[in-house]
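Have a look at the structure below, then the notes.
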Amino acid sequence: MARHLITSAIPYINGIKHLGNLVGSQLPADLYARYQRGRGHEVMFLCATDEHGTPAELAAAKAGKPVAEYCAEMHGIQAEIAKGFRLSFDHFGRSSSPQNHALTQHFAGRLHEAGLIEEVSERQVYSNADGRFLPDRYIEGTCPNCGYDKARGDQCENCTKQLEPTDLIEPRSAISGSTDLEVRETKHLYLKQSQMRGKLDDWINSKSDWPVLTTSIAKKWLHDGDGLQDRGITRDLDWGIPVKNGDADWPGMEGKVFYVWFDAPIEYIACAGEWAEANGGDWERWWRTDKGAEDVRYTQFMGKDNVPFHTLSFPATIMGSGEPWKLVDYIKSFNYLNYDGGQFSTSQGRGVFMDQALEILPADYWRWWLLSHAPESSDSEFTWENFQASVNKDLADVLGNFVSRVTKFCRSKFGEEVPAGGNYTDAETALIADLTTRICAYEGHMDAMEVRKSANELRAIWVAGNEYLQAAAPWSTFKEDPEQAAMQIRLALNLIRLYAVLSKPFIPDASATLMTAMQTQEDAWPDDVAAALEVLAPSHAFTVPDVTFRKITDDERADWQDRFSGVRD
RNA sequence: GGGCCUGUAGCUCAAUUGGUUAGAGCAGAGCGCUCAUAACGCUUUGGUUGCGGGUUCAAGUCCUGCCGGGCCUACCA
């Protein structure tokens with residue numbers, strides 16, 4: 001039995017995530033976690049909310065709440081929605097947890113001891129009206145290059161010129177609009193990543209099986225210009241993890257917090273600690289190679305925007321600590337999902353958000369479409385037409401209708417129990433051989449995290465059931481040879497159970513419904529297909545399930561298309 | 001500006017890493033079936049692989065120049 005540590009990029013706290021966020025990390029991670037559990041492996045699947053940083057403070061202010069209260073509330077909401085999508089986290093933690101505070105401060109202390117932290121004095125823009133330092137992009141003004149009056153302090157969106165905040169004409173705070181700005185001197189800690197460049201480069205180069213998307217981004221950062229740059233790991237904010245040197249105070253760093261991208265990945269580790277606190281158990285055997293984690297395979301899932309932090313700064317933190325923490329073994333990264341010709345956008349409220357999706361359809365519909373269209377090789381696009389067509393065809397017609405025709409035929413001819421009699425012919429042997437090949441291919445794709453290919457293969461396995469039924473034609477066989485028809489339909493009933501087991505990673509609710517209808521709990525992975533198709537023995541009782549997947553009507557589609565065409569408040 | 005990814009059938013995507021005649025699903029057309037959610041099965045029409053050069057016995061795949069789409073560019077996360 002292998003041991004899999006799986007983490008999904010942790011969603012930011014400032015609102016409900018959209019379907020693009022979901023398909024880029026949490027959902028494929030869940031697919032993989034469920035699959036590995038299904039294969040009988042030991043899995044630790046962790047996710048959390050990422051709660052620090054300027055946007056969290058601003059979102060809380062906008063909601064009129066203290067930031068700690070806001071984050072606690074949003075964490076609860078995100079946890080509830082994750083449950084709604086059947087994301088099977090072993091623990092859904094918080095980057096603001098005491099565990100993460102302690103661990104983040106611990107890592108900073110270790111890095112300091114290793115000579116990898118440098119204090120840098122720099123000049124930053126301070127807004128008197130807002131009472132805070134402003135990150136470059138929270139300063140607006142007129143672009144000195146093109147005259148655009150909403151240019152940001154880091155770059156002008158209009159002419160794309162890179163800017164310094166001090167370049168802007170009539171700079172103002174993007175938060176309050178105040179022009180009462182001044183440049184102040186402030187001291188920050190930098191992680192000397194540049195010293196670890198060679199080590200990181202060797203490490204990345206050893207990962208020849210990683211997706212190009214992952215390694216090319218890492219290599220660009222390692223080699224571009226002067227190479228990997230040191231990175232500030234502290235900020236002048238109120239909300240965050242106070243800068244400390246392990247347990248000790250850090251002179252000169254009073255009132256400062258760690259940068260959100262320093263503490264967020266550490267939450268992957270701290271989250272295991274939160275899990276242990278909540279459930280009991282030993283979290284270090286998942287994370288410390290000196291304490292039982294040497295046989296763990298660690299896989300991370302994330303959108304492409306997260307790649308530099310997971311390939312460079314977090315590994316630099318781990319390596320630099322000099323302690324035997326588990327390093328990631330495989331990074332699966334995703335492109336973006338677009339919405340009807342544009343981008344999904346949290347800040348602009350464009351697209352379908354996770355809570356809205358669950359209001360209109362059950363989780364399985366979304367899980368199936370999103371996973372079978374996951375943006376693996378390039379950005380992909382959500383359209384309502386495509387969604388309706390795929391869901392109706394794949395789930396309702398191919399799988400749902402198969403269940404329906406088999407169970408209803410059996411009920412009318414043999415009653416609601418698995419019929420006895422008859423012997424396999426060449427057709428059944430051929431079906432078993434075909435399924436064996438296909439399941440093997442399905443396993444290969446799932447092991448390789450080829451999400452779309454896995455979905456295709458699973459669908460083909462469903463189709464094989466319809467093909468068999470059409471060729472065997474038990475409705476005809478029944479007229480001359482009822483025993484033979486009994487054998488055919490017994491096999492078909494067993495196919496339903498087999499499908500429930502194989503499909504569980506994609507559509508867990510439907511899988512459970514089918515298992516209940518077949519009145520069985522035998523969900524072991526079908527390593528032996530022939531044996532798996534005899535689990536439901538003659539005289540085993542079953543029930544005819546209600547419609548497994550209903551179809552999306554044209555009216556509904558048009559209605560939703562219209563309802564989600566604008567922006568959310 | 002720089003770097004990376006990408007462009008294949010009406011649509012969504014493949015193509016064993018340079019190897020027979022570029023394949024699937026959906027949509028379209030035809031036939032069959034009647035157990036089933038008007039479902040299922042079989043057959044079938046669609047491609048000058050964005051455009052132009054080049055390398056090679058062989059190019060969707062490699063090189064090069066254009067054209068289009070996207071991402072990143074380190075203080076948003």
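Reminder, nothing fancy here: chain letters follow the sequence lines and each chain counts from 1.
Computed from coordinates, the I139(A) CD1 to C76(B) P distance equals 10 Å when rounded to whole Å. Remark: C1' of C76(B) and CZ of F133(A) are 18 Å apart, rounded to the nearest angstrom. F387(A) has its CZ atom 18 Å from the P atom of C26(B), to the nearest Å. Across the protein-nucleic acid pair, Q388(A) atom CD and C11(B) atom C1' stand 14 Å apart, rounded to whole Å. Here the C1' atom of nucleotide A77(B) and the CG atom of L237(A) are 13 Å apart, to the nearest Å. When the C1' atom of U37(B) is taken as reference, atom CG of D554(A) falls 15 Å away, rounded to whole Å.
In this structure, the nucleotide among U12(B), A77(B), C13(B) sitting nearest to the side chain of S380(A) is C13(B). The side chain of Q229(A) lies closest to A74(B) when the candidates are C75(B), A74(B), A77(B). When distances are taken from the side chain of L469(A) to each of U73(B), C35(B), U34(B), the shortest belongs to C35(B). Residue K304(A) has its side chain nearest to C71(B) when only C71(B), A36(B), C33(B) are considered. Taking every side-chain heavy atom of D397(A) into account, C40(B) is the closest of C40(B), C13(B), C35(B). Each of C26(B), C4(B), C75(B) was ranked by its minimum atom distance to the side chain of S216(A); first place goes to C4(B). For N386(A), counting side-chain heavy atoms from C-beta on, the closest listed nucleotide (C75(B), A15(B), C11(B)) is C11(B). Here A77(B) is the nucleotide among C75(B), A77(B), G3(B) with the atom lying nearest to any side-chain atom of D305(A). With G41(B), G25(B), C75(B) as the candidates, the nucleotide lying closest to the side chain of Q470(A) is G41(B). Listed nucleotides G41(B), G3(B), C35(B) differ in distance to E467(A); the shortest reach to its side chain belongs to G41(B).
The residue V547(A) sits close to a base: some heavy atom pair falls under 4.0 Å. Using a 4.0 Å heavy-atom distance criterion, G444(A) is classed as making no nucleic acid contact. Among the atoms of the strands shown, none is found under 4.0 Å from any heavy atom of E457(A). Counting non-hydrogen atoms under 4.0 angstrom, F478(A) reaches nothing in the nucleic acid. Note on V403(A): nothing from the nucleic acid sits closer than 4.0 angstrom, heavy atoms only. Across all strands shown, P55(A) has heavy atoms under 4.0 Å from sugar-phosphate atoms exclusively, and none from any base. Residue G400(A) is in base contact, counting any heavy-atom pair closer than 4.0 Å across all strands shown.
Residue R452(A) places at least one side-chain N or O under 4.0 Å from the OP1 or OP2 atom of A14(B). Considering only side-chain N and O atoms, Y259(A) lies under 4.0 angstrom from the phosphate OP1 or OP2 of A77(B). At least one side-chain nitrogen or oxygen of K453(A) sits closer than 4.0 Å to the OP1 or OP2 atom of A15(B). At the phosphate of C76(B), OP1 or OP2 sits under 4.0 Å from a side-chain N or O atom of R137(A). OP1 or OP2 of C72(B) has at least one side-chain nitrogen or oxygen of Y336(A) nearer than 4.0 Å. At C26(B), one or more side-chain N or O atoms of R459(A) fall inside 4.0 Å of OP1 or OP2 (strictly under the cut-off). Not one side-chain nitrogen or oxygen of K393(A) sits closer than 4.0 Å to the OP1 or OP2 atom of A24(B). Checking the phosphate oxygens (OP1, OP2) of A39(B), a side-chain nitrogen or oxygen of K551(A) falls inside 4.0 Å.
A salt bridge is defined here as a Lys NZ or Arg NE, NH1 or NH2 lying under 4.0 Å from an Asp or Glu carboxylate O, and E267(A) with R94(A) fails to meet this definition. Classification of R452(A) and E450(A) as a salt-bridged pair fails, no side-chain N sitting under 4.0 Å from a carboxylate O. Between K192(A) and E118(A) there is no salt bridge, since no side-chain N of the basic residue sits under 4.0 Å from a carboxylate O of the acidic one. Here E457(A) pairs with R438(A) in a salt bridge; the nearest charged N to carboxylate O distance falls below 4.0 Å. Using a cutoff of 4.0 Å between basic side-chain nitrogens and carboxylate oxygens, K453(A) and E376(A) are not scored as salt-bridged.
Using a 3.5 Å distance cut-off with no hydrogens or angles, the side chains of Q229(A) and S194(A) do not pair a donor with an acceptor. Side-chain N/O atoms of W462(A) and D394(A) include no donor and acceptor closer than 3.5 Å.
Ring geometry for W366(A) versus F387(A): interplanar angle under 30°, hence parallel rather than tilted (30 to 60°). Between H310(A) and Y268(A), the ring-plane angle classifies as tilted under the 30° and 60° cut-offs.
Annotation: A9(B) and C66(B) have their P atoms spaced 25 Å apart (nearest Å). When the P atom is compared between G53(B) and G60(B), the two are found 15 Å apart, to the nearest whole Å. Nucleotides A15(B) and U61(B) are separated by 10 Å at their C1' atoms, to the nearest Å. Between U73(B) and U55(B), the distance separating the two C1' atoms is 34 Å to the nearest Å. Taking atom C1' in both G70(B) and A29(B), the straight-line distance is 37 Å, to the nearest Å. Atom P of U45(B) sits at a distance of 27 Å from the matching atom of U34(B), rounded to the whole Å. Straight-line distance between the C1' atoms of A58(B) and U44(B): roughly 31 Å, to the nearest whole Å. When the P atom is compared between C4(B) and U49(B), the two are found 26 Å apart, to the nearest whole Å.
With RNA chain B read from its 5' end, the first of the two nearest nucleotides for E376(A) and V398(A) is the one closest to E376(A). For the pair W475(A) and N456(A), nearest-nucleotide mapping onto RNA chain B gives the more 5' position to N456(A).
At least one cation-pi condition fails for K304(A) and F334(A): the charged atom is not both under 6.0 angstrom from the six-membered ring centre and inside a 45 degree cone around its axis.
In this structure G46(B) sits in the syn conformation; its chi angle is within 90° of 0.
By the stacking rule of 5.5 Å between ring centres and under 30° between planes, F409(A) does not stack on the base of C35(B).
Checked against the 6.0 Å centroid criterion, the rings of F402(A) and Y499(A) qualify as a close aromatic pair. The aromatic ring centres of H75(A) and F92(A) sit less than 6.0 Å apart.
The base of C11(B) is not paired with the side chain of E381(A) by any donor and acceptor separated by under 3.5 Å. Side-chain to base pairing of Q124(A) with C75(B): one donor and one acceptor N or O lie within less than 3.5 Å of each other. Put simply, the side chain of N401(A) and the base of A39(B) share no donor and acceptor less than 3.5 Å apart.
Secondary-structure stems of RNA chain B, taken as three or more successive Watson-Crick or G-U wobble pairs (i with j, i+1 with j-1) under a 3.5 Å distance threshold, comprise B:1-7 with B:67-73, B:10-13 with B:23-26, B:28-32 with B:40-44, B:50-54 with B:62-66.
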